[in-house]
2 protein chains.
Amino acid sequence: MTTEQIERGARARTRAAILDAAAALWARDFSAPFGAIAERAEVSRSTLHRYFADRQALVDALLVDSLDHLNGADPESASDEDPMDALERHLRAGIEIGDRVIFLFADPDRFAGNPNWPADDSSEGLTPLLDRARAEGAIAADIPNAWAENLFYAVLYTAAEVSAGDVPRHMAADLAVRSFRRSMAG
Amino acid sequence: MTTEQIERGARARTRAAILDAAAALWARDFSAPFGAIAERAEVSRSTLHRYFADRQALVDALLVDSLDHLNGADPESASDEDPMDALERHLRAGIEIGDRVIFLFADPDRFAGNPNWPADDSSEGLTPLLDRARAEGAIAADIPNAWAENLFYAVLYTAAEVSAGDVPRHMAADLAVRSFRRSMAG
DNA sequence: GCTAAATGCGACAGTGATGTCGCAGAATGG
DNA sequence: CCATTCTGCGACATCACTGTCGCATTTAGC
């Protein structure tokens with residue numbers, strides 16, 4: 001390969017395959033060993049180590065990659081958009097990349113202390129959208145953000161879960177949206 | 001100790017303490033080592049091994065114990081009880097034993113192939129209650145059991161999760177009940 | 001076709017968890 | 001008070017995963 005920083009072509013594809021494999025396995029079992037990830041990605045363990053020197057490197061890379069997926073799959077909402085519609089888009093986008101989301105949120109303190117993990121101050125994440133939705137009455141006043149946000153990801157998680165079974169993904173997504181909207185209603 | 005099968009007294013308490021410790025740790029990290037569980041249970045690793053010969057033995061014991069908790073904490077509903085009320089009692093009972101529930105349902109195929117894991121045939125688990133609730137109109141006709149059941153445990157999981165934080169347990173339970181009932185409404 | 005990069009294979013030592021012991025002290029029950 | 005049981009401590013071999021090599025082979029670029 002050339003000396004450029006940004007990988008592309010075959011190398012980028014291999015890297016993506018490894019991240020996909022890691023997300024798929026670590027979503028279910030965060031203790032899945034490197035060997036299993038390599039096998040799933042159809043690379044040798046040696047190659048995996050050439051892309052990611054150690055476990056921490058792969059965890060970090062998958063963390064930022066998953067966050068990119070989550071944000072990138074869902075363009076920022078216009079400030080005049082209905083916040084509940086924005087949440088719905090965010091939910092549907094998340095279901096499309098289920099493994100990444102499960103990896104991110106399966107264990108709430110998996111990335112505690114990781115500099116790449118977004119701090120959960122009130123200006124980040126879902127909070128502004130939830131606040132706006134509550135101001136509009138789409139979320140009942142007595143539902144705290146902690147519950148709304150956790151339930152959001154639980155519903156997302158469930159949809160990703162169910163669509164791995166016999167419920168088609170689009171149907172799971174519809175059910176998820178419907179369940180979340182009704183859950184939040186006052 | 002005598003030769004009786006059923007343990008009681010101090011030995012039963014030690015056993016229960018170990019199971020509690022395992023549930024608490026494994027709920028967050030299933031790869032938590034035996035040493036950590038022993039420490040949390042305030043027993044030596046040797047003693048832990050005297051109660052449960054190997055990891056699999058403890059996993060199995062915790063599985064059946066958690067299922068017992070889940071079912072036992074919730075007396076069978078009278079057949080004339082409103083099915084949605086029965087589900088609510090089941091949900092509230094589950095939240096009381098959050099760690100056990102998280103341990104049971106954090107990874108849907110953690111116990112795949114385990115003979116103690118209830119087969120998901122339609123005559124078991126929540127299915128009869130869900131069917132009755134749907135017949136009464138408390139659950140919309142177009143919500144499949146797969147979604148209802150998975151969402152039930154997701155809501156339960158979320159309540160257990162949130163009540164480990166700054167939301168008091170009774171409030172989390174109320175939010176969970178409310179969210180589930182509204183999610184299912186037609 | 002030639003060169004350089006990328007990959008697979010196998011080996012290696014290091015590490016942490018596991019499961020098994022024996023022994024000595026503490027707790028328990030008659 | 002004595003015998004039995006339970007427990008903690010530390011040692012031990014074993015195992016699986018990890019991270020690092022060197023070398024041979026394949027692949028890709030010019």
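So that the names make sense, note that chain A is the first sequence line, chain B the second, and so on, each numbered from 1.
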A:Y51 side-chain N/O to C:dA6 phosphate OP1/OP2 under 4.0 Å: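 Looking at the OP1 and OP2 atoms of C:dA6, neither is under 4.0 Å from any side-chain N or O of A:Y51.
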Min side-chain heavy-atom separation A:V101-A:Y157 under 4.5 Å: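 Side chain of A:V101 against side chain of A:Y157, heavy atoms only: no contact under 4.5 Å found.
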Proximity to DNA chain D (any heavy atom under 4.0 Å), residues of residues 38-49 of chain B only: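 Within residues 38-49 of chain B, the residues near DNA chain D are B:E42, B:V43, B:S44, B:R45, B:S46, B:T47.
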Separation of atom CZ in A:R13 from atom P in D:dT27, rounded to whole Å: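 In whole Å, D:dT27 P and A:R13 CZ are 15 Å from each other.
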Rounded distance (Å) that lies between atom P of C:dT20 and atom CG of B:D54: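 So the CG-P distance, B:D54 to C:dT20, works out to 7 Å.
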For [X], enumerate each residue passing the side chain to side chain donor-acceptor pair (under 3.5 Å) test, keeping only those at least two apart in sequence or located in another chain.
X	answer
A:E88	A:R92, A:R181
B:T127	none
A:D99	none

Donor-acceptor pair (no angle test) under 3.5 Å: B:R50 side chain, C:dG19 base: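 Absent.
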Side chain to side chain contact (heavy atoms under 4.5 Å, CB included) against B:S163, all qualifying residues, sequence neighbours excluded: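 Result, side chain to side chain contact (heavy atoms under 4.5 Å, CB included) vs B:S163: B:R169, B:A172.
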For A:T47, all residues meeting side chain to side chain contact (heavy atoms under 4.5 Å, CB included), sequence neighbours excluded: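 Partners of A:T47 by the side chain to side chain contact (heavy atoms under 4.5 Å, CB included) criterion, ordered by chain and then number, come out as A:V43, A:S44, A:R50, A:Y51.
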Contacts of A:D60 that satisfy salt bridge (charged side-chain N to carboxylate O under 4.0 Å, His left out) - sequence neighbours left out: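 Counting only residues at least two positions away or on another chain, A:D60 forms no salt bridge (charged side-chain N to carboxylate O under 4.0 Å, His left out).
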Residues forming a salt bridge (charged side-chain N to carboxylate O under 4.0 Å, His left out) with B:D107, sequence neighbours excluded: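 Expected list: none.
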Terminal axis angle for the helix from C:dG1-D:dC30 to C:dG30-D:dC1, five pairs an end, nearest 10 degrees: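 One end's axis against the other's: 40°.
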All N/O contacts under 3.5 Å from nucleotides 13-17 of chain C to the protein, with atom names and distances to one decimal?
none

Residues that, via side-chain heavy atoms closer than 4.5 angstrom, fall in one hydrophobic cluster with B:V64: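 Reading the cluster by chain and number, B:V64 sits alone, since nothing else belongs.
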Ring pair (Phe, Tyr, Trp, His ring centres under 6.0 Å) pairs, two or more places apart, involving residues 11-47 of chain A: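 Matches after skipping sequence neighbours: A:W26-A:F30, A:F34-A:H49.
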